[in-house]
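All remarks here apply to the structure that follows.
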Amino acid sequence: MPTAILSRQTAGVRGKALIVNLPGKPSAIRDCLDAVMPAIPYCIDLIEGAYLTTDESRIVAFRPKA
């Protein structure tokens, strides 16, 4: 469902952990992660966590140009 991302709009940082609330239904989780996953590697960069890569055939990570 394309509106699944609207049902869980909370994310935050605690220490060096990124916390993203997701819905309970597996198909809604997929929709939400498809929407937010491109930004997650950059969020982890900002909190100085491990460098994350993505399978670019599935999701291209957003990272601003230096």
Side-chain angles (χ1 to χ4, degrees):
M1 168 184 308
T3 58
I5 190 65
L6 300 175
S7 68
R8 301 287 189 267
Q9 302 176 49
T10 304
V13 174
R14 182 168 181 148
K16 296 229 179 224
L18 175 65
I19 302 164
V20 179
N21 286 343
L22 296 170
K25 187 175 177 187
S27 62
I29 293 169
R30 178 182 301 273
D31 290 342
C32 287
L33 285 178
D34 284 347
V36 301
M37 190 59 198
I40 288 178
Y42 181 56
C43 293
I44 300 297
D45 291 348
L46 291 173
I47 61 173
E48 299 177 348
Y51 186 83
L52 298 180
T53 60
T54 60
D55 177 354
E56 291 193 6
S57 68
R58 175 78 174 100
I59 294 176
V60 177
F62 166 79
R63 284 194 168 93
K65 305 235 185 281

query: Would a hydrophobic clustering, with Ile, Leu, Val, Met, Phe, Trp and Tyr connected at side-chain separations under 4.5 Å, put Val13 with Leu52?
result: yes
message: Please report the interatomic distance OG1(Thr10) to CG(Leu22), rounded to the nearest 0.5 Å.
response: 10.5 Å
field: Sequence-distant partners of Arg30, side-chain hydrogen bond (donor to acceptor under 3.5 Å, both in side chains), two or more places apart
entry: none
Identify every side-chain donor-acceptor pair in residues 32-43 under 3.5 Å, counting partners at least two apart or on other chains, and give the distances.
{"unit_1": "Asp34", "atom_1": "OD1", "unit_2": "Arg58", "atom_2": "NH2", "d": "2.9"}

- request: Sequence neighbours left out, what pairs pass salt bridge (charged side-chain N to carboxylate O under 4.0 Å, His left out) with at least one residue falling in residues 12-24?
  value: Lys16-Glu48
- request: Could you tell me which residues satisfy side chain to side chain contact (heavy atoms under 4.5 Å, CB included) with Glu56, sequence neighbours excluded, listed by chain and number?
  value: Thr54, Val60
- request: Identify, with sequence neighbours excluded, every residue that meets side-chain hydrogen bond (donor to acceptor under 3.5 Å, both in side chains) alongside Thr53.
  value: none
